[in-house]
Amino acid sequence: MTGDRALLGHLLRNLLINAVRHNRDGGRMTVVTSAEGELTVSNTGPVIDPADVAGLLEPFRRRAERQHTAGEGAGLGLSIVASIVRAHGAELVAEANPGPVGGLTVRVRFPVSGGTRTPQAHRL
């Protein structure tokens, strides 16, 4: 795939930070890439209502109210990821992982030459 190196670095960094920050003690995080241009980052964590997932991709939207503690995010990470995805003509699919595992799975599908993709939930 081709793209802006700095923006793609921000995309990956934001996905990883989000997956670690919103994980639970003893939880797990997985990162998978494919030769077909797909990046998937998944974590365990609080159970998220599937209806709330689209809102997490909007600026300043968080799953829980801010506590104003050190290292707490402002709710921009996933919205920045979504903007970078759009700038690269890619597709973002975000899905809540079912309980009791919980957490979120974010899949970014970058364009591949000659291929077509089926639209998914929360497609940008």
Side-chain angles (χ1 to χ4, degrees):
M1 65 159 283
T2 59
D4 183 282
R5 181 181 213 133
L7 288 178
L8 293 173
H10 287 298
L11 178 142
L12 183 58
R13 188 170 23 265
N14 282 344
L15 285 176
L16 295 177
I17 287 170
N18 191 70
V20 170
R21 181 177 282 152
H22 299 287
N23 211 329
R24 64 173 186 250
D25 289 341
R28 65 176 165 69
M29 177 181 79
T30 59
V31 179
V32 179
T33 61
S34 78
E36 291 78 32
E38 187 168 295
L39 165 68
T40 303
V41 177
S42 183
N43 74 331
T44 54
V47 174
I48 301 169
D49 184 335
D52 293 338
V53 173
L56 296 175
L57 303 174
E58 297 174 16
F60 304 109
R61 294 289 300 272
R62 300 169 43 86
R63 188 190 60 76
E65 189 174 322
R66 280 196 77 175
Q67 302 296 312
H68 301 286
T69 59
E72 181 183 34
L76 289 173
L78 290 178
S79 66
I80 291 170
V81 166
S83 293
I84 294 169
V85 165
R86 281 191 299 271
H88 284 83
E91 175 184 55
L92 179 115
V93 178
E95 298 173 311
N97 298 330
V101 173
L104 189 68
T105 296
V106 177
R107 207 170 277 107
V108 179
R109 294 180 178 132
F110 291 94
V112 292
S113 57
T116 59
R117 297 213 164 99
T118 304
Q120 300 285 329
H122 307 299
R123 182 173 183 245
L124 294 179

Next on the checklist: Would you say V31 ends up clustered with V101 if hydrophobic residues are merged whenever their side chains have heavy atoms under 4.5 Å apart, either directly or through other cluster members?
Outcome noted: no

Item to check | Flag side-chain contact, heavy atom, 4.5 Å: I84 against V108 | outcome: no

Item to check | Spacing of I48 atom CD1 and E95 atom CD [to the nearest 0.5 Å] | outcome: 11.5 Å

Checklist entry - Looking only at heavy atoms, which two atoms of V41 and A19 are closest? And how far apart? => result CG1-CB, 3.8 Å

Next on the checklist: Could you report the tightest heavy-atom contact between N14 and V81, atom names first, then the distance?
Outcome noted: CB-CG2, 3.7 Å

Checklist entry - With a 4.5 Å heavy-atom cut-off, do L92 and V106 have their side chains touching? => result yes

Checklist entry - Roughly how far apart are E36 CD and R109 CZ, rounded to 0.5 Å? => result 11.0 Å

Checklist entry - So which of V85, L78, I80 actually passes side chain to side chain contact (heavy atoms under 4.5 Å, CB included) with L57? => result L78

Checklist entry - Which atoms form the tightest heavy-atom contact between P46 and H22, and what is the distance? => result CD-O, 3.5 Å

Next on the checklist: Does D4 form a side-chain contact (heavy atoms from CB on, under 4.5 Å) with H88? I'd like the steps, not just the answer.
Outcome noted: CA-CA 8 Å; D4 183 282; H88 284 83; 3.9 Å; yes

Checklist entry - At their closest point, which heavy atom of P111 faces which heavy atom of G89, and how far apart are they? => result CG-O, 3.2 Å

Checklist outcome for this item: One should read off an interatomic distance between L11 CG and L16 CG, to the nearest 0.5 angstrom, of 9.5 Å

Checklist entry - For the atom pair CG (N43) and CG (N18), what is the distance rounded to the nearest 0.5 Å? => result 7.0 Å

Checklist entry - What are the two closest heavy atoms between T105 and S42, and how far apart are they? => result OG1-OG, 2.8 Å

Item to check | Partner set under side chain to side chain donor-acceptor pair (under 3.5 Å) for N23, not counting sequence neighbours | outcome: T44

Item to check | Co-membership, hydrophobic cluster, residues L12 and V32, 4.5 Å side-chain | outcome: no

Item to check | Pairing residues for T33 by the side chain to side chain contact (heavy atoms under 4.5 Å, CB included) criterion, not counting sequence neighbours | outcome: L39

Next on the checklist: To the nearest 0.5 Å, what is the distance between CD on E38 and CD on E91?
Outcome noted: 8.5 Å

